Each structure stands twice: as structure tokens, then as C-alpha cells.
Amino acid sequence: MMAEEQTALEIRRVMKNRRATQVFGRTVARVLEPGDLVVLTGGLGAGKTTLVRSIARGLGVPASVPVTSPTFELVHELSGRMPVVHADLYRLASGDDLAELGLLPRIGTDAVVLVEWGDKFAHELGTDGLWIEVDLGENERTCVVRGRGERGQALIQKLSTLLSDNPANTAD
């Protein structure tokens, strides 16, 4: 069972199993459009990549395409209904390293950009988008979604409406 708390600025979801996380990720994907940025934060093993995989599947990346953490490659580009750029910035030390990846020019263009460990580079990435904090508890995973900037606020509103209007999005 997923519990939810919603405010104008954030959505909090508590998910009891992997299936609930998958449903939530696919629901997030439904509000995303080309140019959107989603930053995922949380500790090691919290489930950021699991959530990214679910969002990517919701964006049409086929199940036959592996969606894994690009920890060593740093950036993966995937094809779905629109391009999906998945970055893992855990190993980067500075904004100079970030500039060399070619990630920044993709934000705001034809792709949805999903960034793990992006909080380390909030200034460089900008704050206009969804920021999802993932926390793994003993028997559940909690996601807190915040909309930052004008686009982020629009996305959080759409997501809030989808989650409250569709009981199927609360199944576990």
C-alpha cells in the first residue's frame, strides 16, 4: 500500500514494495515532456536507479533495453517516445567535470534528462524541474517530490492531479 501526503510544493509517497515504486515511476513519466529535468537524490542503495528505470519504461524505453546506473560511463542515452538521458554524477568532483560530459546542453531540449546525485551540482543543473529525494527505510521506500522553478511547479501540479484522480496509482 502507498500512503501519500501532498502540499502545493511537494508530494510524499511511501511505497511498501518494488511494484509500488514501478507504478509511481511510470506515473511520474506521464507528466514529463521533452526538455524536462528530473534530479534524484538519496543515499547509496536507496532506489534512485530503480525509480529511473520505471520512469524510463513509462517514457517508452523498451523492456529489452537495460536501464542500469551509468556510474562508470556517467551518461546513458536511451530511446523511447522521446530521448531519455540518464546521468549518474556520483563520481564527479567538480562542475568542470560536469561541463565535459555534454549533459548541460541536453537540458531543455528534445530529451527528458534524469540525473542521479544531481544535488551535488544544483547550481550547474539549474533548479527548474522535479527533484525527487529517495529514502529507503527498513520496510518501505519514501519519495519526496518537489517542483522547483516555473516548470517544476507545473509538473508537480500535474503529478498531484494524476495521483489524486487515479486510484490505480495507489496500488501496491
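Sequential numbering from 1 along the given sequence is applied to the chain's residues. Note that the structure is a prediction, hence the values are computed from the model and not measured.
- Interatomic distance, CG of L92 versus CD of E124, reported as 10.0 Å (0.5 Å rounding).
- Listed by first and then second residue, the side-chain hydrogen bond (donor to acceptor under 3.5 Å, both in side chains) pairs involving residues 40-53 are T49-E116 (not counting sequence neighbours).
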Discussion item. Applying side chain to side chain donor-acceptor pair (under 3.5 Å) to D135 and T142, what does each step give before you reach the verdict?
Written reply: CA-CA 5 Å; D135 181 47; T142 302; 5.1 Å; no
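- For residues 121-163, there are no ring pair (Phe, Tyr, Trp, His ring centres under 6.0 Å) pairs, not counting sequence neighbours.
- In terms of the side chain to side chain donor-acceptor pair (under 3.5 Å) criterion, residue partners of D36 (sequence neighbours excluded) are, by chain and number, R151.
- The distance from the CG atom of N139 to the CG atom of N17 is 11.5 Å, given to the nearest 0.5 Å.
- Ring planes of W117 and Y90: tilted class, angle from 30 to 60°.
- Atom CZ of R141 is separated from atom CE of M15 by 7.0 Å, given to the nearest 0.5 angstrom.
- With sequence neighbours left out, R146 forms a salt bridge (charged side-chain N to carboxylate O under 4.0 Å, His left out) with E10, E133.
- Judged as a salt bridge (charged side-chain N to carboxylate O under 4.0 Å, His left out), and not counting sequence neighbours, the contacts of D110 are R106.
- In this structure, L130 CG and L155 CG are separated by 4.5 Å, a value rounded to the nearest 0.5 Å.
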Which pairs of donor and acceptor atoms, one on a side chain in residues 56-65, lie under 3.5 Å apart (sequence neighbours left out)?
from: R57; atom 1: NH1; to: V61; atom 2: O; distance (Å): 3.4
from: R57; atom 1: NH1; to: P62; atom 2: O; distance (Å): 2.6
from: R57; atom 1: NH1; to: V65; atom 2: O; distance (Å): 3.0
from: R57; atom 1: NH2; to: V65; atom 2: O; distance (Å): 2.9

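- At a threshold of 4.5 Å between non-hydrogen side-chain atoms, the residues V85 and V112 do not count as touching.
- For the pair L101 and L89, the minimum side-chain heavy-atom distance is below 4.5 Å.
- Here CG of L162 is found 6.5 Å from OG1 of T27. Values are rounded to the nearest 0.5 Å.
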